[in-house]
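Any value given below was found using the heavy atoms of this structure, including those in side chains, with hydrogens, waters and symmetry copies removed.
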Amino acid sequence: MARDLILGTAGHIDHGKTSLVKALTGTDCDRLPEEKARGITIDIGFASLVLGDYRLGIVDVPGHERFIKNMLAGATGIDLVLLVIAADDSIMPQTREHLEILKLLGLRHGVIAMTKCDAVEATAREVAALEIRELVAGSFLADAPIIHTSANTGQGIEELKSTLVAACQALRPSDSQNPVHDAPFRLAIDRSFVVQGAGTVVTGSVTSGSVRVGDELDWLPRGERVRVRALHHHDEPVQEVSRGMRAALNLAGVDHHDVARGQEVAEPGYLVPTKCMTVNVKASSDVRRPLKHRNYVRLHIGTAEVMAVLSLLDHDVLPPGESGLGQLFLEEPAMAVWGQPFVLRESSAATTLGGGRIVQPVARKIRRRDDGALTRLKWLESDKAGQRAQAVAWAHGLNGVTATDLVRESGIAPTETGRVIAELKQQEELIELAGRSVHANAIAELQDRVLEVLAKMHGEEALVSAHERSKVLAKLDYLREDSLVNEAINRLVELRLIVVNGKRIARADFKPKLSINLQRLLDKIVAAHVEAAFQPPTPASFVNQAGGNANSLGDVFDVALAEGLLVRVTDDIYLHTEAEAAMRQRISDRLKAGSPGLTVADIRDMLGTSRKYAVPLCEYLDRIGVTRRNGDLRVLAQEPATTHE
């Protein structure tokens, strides 16, 4: 099966890139009338070339310095480069700049074509070859063959084809500009047009995944869902296109005027538009001026060109050739994935300043020289997938991470995400919380917040032994995640750091603090309940005794409950703890002794109380699982029910 790859040209204006492509493929990549009139390439051109087991989509880029942005758009997603240098001109300014851009984009394979060899003597060609070797020394093209060619005479064309095949054979999947193997479908739009009777068509290089006719895609950064009506690959209709192919997508319901270079189409949910990215940036070695903190720059990523501010996180300046961590704050949203290359140019677009790789494709502002944050960012540069996944989970906080997040933000292949998540859960680095995979530290921080809120509430209301769970949730409503907070509370209960009393919760280490007068009132309440046994006084009956502390009466009863002195039967009936235990014991012993069951009247007489108390006491015994109602009788809860005649 043929392997699809993208070959990009590079080189100075008028060095014969387009003529060489035509000699290789028979296709003239200059399609614009202005290009025909001026004899130069202004925008990106395309051609195809089949070489044995390889189908090359060729992207021909302009060489003029004014059209570097078009060159950068064309360089998106290329697998290998054909660096074109004319024998009569040799090394020129855009030769150097294009090579620097290719290095910044992380290209690893390519071939050098010396063009116009029929126009100069052999000695001049030898000198040009020496100058080329000096230029590419130390770069990915250091050992690349230099093929002497002439588009006019056909010299070297067949040799160039053979050399391109060898370069293709040397390519591995990891050599791609897209660092994630088998990632979801993604295509950065470099051109759009209207086909009569079909509608809007967008083109680009497929940098990952595949798409079929009828599939739905995200149209970004617009955030709209679109459907693929038809697909073409090098002017031929196809049912599917995949990574390494040039593709034209006919999109249903899309207005051509709404499409722009720099937009992307991708598998739903894969890409996330953002205005903040964290990057590892390198200052160009060909520019004497250093990259500075707060530089206003022109970002080129994918086919997009966006103005941005560069914030350096661990440096004030980056001298030529030096690297550092930084953040880009974009004027307009763009899309990226972990490890994706980018290029920075001056705001005036006069000079290439540097470039690098994306560390966090979707980021929040990071404080400069924050050691903790910088350490976690270095995790994202680790060659260990688990460590990168941990860093992504940390950054996502309580939102948790999904398999797609790990593909996009840590460069883990889709086939590996399940294994990585399972391993991190086994190591308790990731914890399942409210249906999400959340970093353990984020959960610990949430639990600390819950405990802090409770501590503050206890401090403000020292007499209240426990607080309504809903009120605690309200204090944390800025999280907008009640389900997560409830899960955190449940975990704290399991850890015995929080105690639960119905719908109320409290810190396990909290004890209500009573004044001398309130302590005396508590003692009177407890003594009255001891004396009253199964005919206890109501809370309201203590209002006169409470005097000026009447408003705190409910809090005093809460303290009695929290300290285990009283047991709540209903809102108006409390039993002393010993009386409640004696009641349970008496009823259980009587029923275990062979009684077929007890009526309310029987229980009333056993306890020496009145029906006013006997009915709620029976309901309480049912509620706590001592008895179970069977007709008019109460039987032991664990006994099987029988029909009472």
Check: Side-chain donor-acceptor pair under 3.5 Å between Asp602 and Thr599, yes or no?
Finding: yes
Notebook entry, point to check: How far does CG of Leu377 sit from CD1 of Ile366, to the nearest 0.5 angstrom?
Noted result: 4.5 Å
Next item on the list: Would you please indicate yes or no on a ring centroid separation below 6.0 angstrom for Phe557 and Tyr574?
Entry: yes
Checklist line | Expected output: side-chain Asn630 to main-chain Leu633 donor-acceptor under 3.5 Å | finding: no
Item checked: Any donor-acceptor N or O pair under 3.5 Å, side chains Glu445, Asn441 -> no
Item checked: Under 3.5 Å donor-acceptor, Arg496 side chain and Ala508 backbone -> no
Item checked: Lys275 bridged to Glu332 by N-O distance under 4.0 Å -> no
Note to self: For Asp622 and Thr627, which I'm curious about, is there any donor-acceptor pair between the side chains at under 3.5 Å?
What the structure shows: yes
Check: Should we say atom CG of Asp571 is surrounded by more than 12 heavy atoms from elsewhere, each under 6.0 Å from it?
Finding: no
Notebook entry, point to check: Do Tyr296 and Glu331 have side-chain atoms, one donor and one acceptor, less than 3.5 Å apart?
Noted result: yes
Notebook entry, point to check: With side chains defined as the heavy atoms from C-beta onward, is the minimum distance between Thr538 and Ile573 less than 4.5 Å?
Noted result: no
Notebook entry, point to check: Side chains of Glu494 and Asn490: is there a donor and an acceptor less than 3.5 Å apart?
Noted result: no
Notebook entry, point to check: Would you say the side-chain atoms of Gln390 and Trp379 include a donor-acceptor pair closer than 3.5 Å?
Noted result: no
Checklist line | Approximate separation, where rounding is to 0.5 Å, of Trp219 CH2 and Leu251 CG | finding: 8.0 Å
Item checked: Distance-minimising heavy-atom pair for Asn549 and Asn517 -> ND2-CB, 3.7 Å
Margin query: If the threshold is 4.0 Å, N to carboxylate O, is there a salt bridge linking Glu423 and Arg419?
Written below: yes
Checklist line | Donor-acceptor contact below 3.5 Å, side chain Asp589 vs main chain Arg586 | finding: no
Checklist line | Greater than 12 external heavy atoms within 6.0 Å of Glu428's CD | finding: no
Item checked: Residue pair Val635 / Gly597: nearest heavy atoms and the distance that separates them -> CG1-CA, 4.3 Å
Next item on the list: Check step by step if side-chain contact (heavy atoms from CB on, under 4.5 Å) holds for His467 and Phe510.
Entry: CA-CA 12 Å; His467 295 276; Phe510 174 72; over 6 Å; no
Notebook entry, point to check: To the nearest 0.5 Å, how far apart are SG in Cys618 and CD1 in Ile587?
Noted result: 7.0 Å
Notebook entry, point to check: Cut-off 3.5 Å, side chains only: do His396 and Glu409 have a donor facing an acceptor?
Noted result: yes
Check: Is a side-chain N or O of Thr609 found less than 3.5 angstrom from the main chain of Phe534, in a donor-acceptor match?
Finding: yes
Next item on the list: Return yes when atom CZ of Arg369 has more than 12 non-hydrogen atoms of other residues, nucleotides or ligands closer than 6.0 Å, and no otherwise.
Entry: yes
Note to self: Would you say NZ of Lys425 has more than 12 non-hydrogen atoms from neighbouring residues, nucleotides or ligands within 6.0 angstrom?
What the structure shows: yes
Checklist line | Electrostatic pair Arg504:Asp558 at N-O distance under 4.0 angstrom | finding: yes
Check: Sub-3.5 Å donor-acceptor pair from the side chain of Glu531 to the main-chain atoms of Ala528, do we have one?
Finding: no
Next item on the list: List the atom of Gly625, the atom of Ala637, and the distance in Å for their closest heavy-atom pair.
Entry: O-CB, 3.2 Å
Next item on the list: Please assess Arg628 against Arg634 for the test side-chain contact (heavy atoms from CB on, under 4.5 Å), listing each intermediate value before the final yes or no.
Entry: CA-CA 6 Å; Arg628 175 171 53 82; Arg634 254 69 182 190; over 6 Å; no
Note to self: Once rounded to the nearest 0.5 Å, what's the spacing between atom OG1 of Thr577 and atom NE2 of His529?
What the structure shows: 10.5 Å
Item checked: Pairwise side-chain contact, Arg469 with Ile489, heavy-atom cut-off 4.5 Å (strictly under) -> yes
Note to self: Is it true that Arg491 and Gln447 share a donor-acceptor pair across their side chains at a distance under 3.5 Å?
What the structure shows: yes
Check: So, for Ala385 and Ile412, which heavy atoms are closest and what is the spacing to 0.1 Å?
Finding: O-CD1, 3.6 Å
Notebook entry, point to check: Distance-only, no hydrogens or angles: does the Arg357 side chain make a donor-acceptor pair with backbone N or O of Val359 under 3.5 Å?
Noted result: no
Item checked: Donor-acceptor contact present, side-chain Asn486 to main-chain Ser483, <3.5 Å -> no
Note to self: I want to check something: taking the side chain as every heavy atom from C-beta on, are Arg584 and Leu621 in contact at a cut-off of under 4.5 Å?
What the structure shows: yes
Notebook entry, point to check: For Arg225 and Leu217, which heavy atoms make the closest approach, and how far apart are they?
Noted result: CD-O, 3.2 Å
Notebook entry, point to check: With respect to Pro273, which candidate in Leu330, Asp218, Val362, Leu220 satisfies the side-chain contact (heavy atoms from CB on, under 4.5 Å) definition?
Noted result: Leu220
Item checked: Test log, rule salt bridge (charged side-chain N to carboxylate O under 4.0 Å, His left out), inputs Glu267 and Arg186 -> CA-CA 7 Å; Glu267 183 175 307; Arg186 180 186 187 190; over 6 Å; no
Check: Side chains of Thr402 and Asp405: donor-acceptor distance under 3.5 Å anywhere?
Finding: yes
Margin query: For the CG atom on Leu495, are there more than 12 heavy atoms of other groups (residues, nucleotides or ligands in this structure) within a distance under 6.0 Å?
Written below: yes
Margin query: Check Lys503 with Glu468, please: is the shortest side-chain N to carboxylate O separation under 4.0 Å?
Written below: no
Note to self: For the residue pair Ser311 / Gln327, report whether a side-chain donor-acceptor contact shorter than 3.5 Å exists.
What the structure shows: no
Check: Is there a donor-acceptor pair under 3.5 Å between the side chain of Asp255 and the backbone N or O of His257?
Finding: yes
Next item on the list: Would you indicate whether the side-chain heavy atoms of Leu310 and His293 approach each other to under 4.5 Å?
Entry: no
Margin query: To the nearest 0.5 Å, what is the distance between CD1 on Ile358 and CG on Asn280?
Written below: 10.0 Å
Notebook entry, point to check: Hey, is the main chain of Ala260 close enough, under 3.5 Å, to the side chain of Gln263 for a donor-acceptor pair?
Noted result: yes
Check: About how many Å separate NE2 of His439 and CD of Glu429, when rounded to the nearest 0.5 Å?
Finding: 5.5 Å
Next item on the list: Decide, yes or no, whether a salt bridge links Arg368 with Asp316 under the criterion of side-chain N to carboxylate O below 4.0 Å.
Entry: yes
Check: With side chains defined as the heavy atoms from C-beta onward, is the minimum distance between Val407 and Pro184 less than 4.5 Å?
Finding: yes
Next item on the list: Give a yes or no on this: more than 12 heavy atoms of other residues, nucleotides or ligands lie within 6.0 Å of atom CG of Asn551.
Entry: no
Note to self: For a side-chain contact (heavy atoms from CB on, under 4.5 Å) check, start with the C-alpha distance between Leu476 and Arg449, then their side-chain angles and the critical distance, and finish with the verdict.
What the structure shows: CA-CA 8 Å; Leu476 294 162; Arg449 290 188 202 180; 4.2 Å; yes
Note to self: Between Leu497 and Arg507, is there a side-chain heavy-atom distance shorter than 4.5 Å?
What the structure shows: no
Checklist line | Heavy-atom donor-acceptor pair, Ser541 side chain to Pro537 backbone, under 3.5 Å | finding: no
Checklist line | Contact check, side chains of Arg376 and Leu380, non-hydrogen atoms, under 4.5 Å | finding: no
Check: Nearest heavy-atom pair of Arg408 and Leu271: which atoms, and what distance?
Finding: CD-CA, 4.3 Å
Item checked: Steps toward side-chain contact (heavy atoms from CB on, under 4.5 Å) verdict (Glu580, Tyr620) -> CA-CA 10 Å; Glu580 190 269 351; Tyr620 170 76; 2.7 Å; yes
Next item on the list: Measure the shortest side-chain to side-chain distance between Leu617 and Met583 over non-hydrogen atoms and say whether it is less than 4.5 angstrom.
Entry: yes
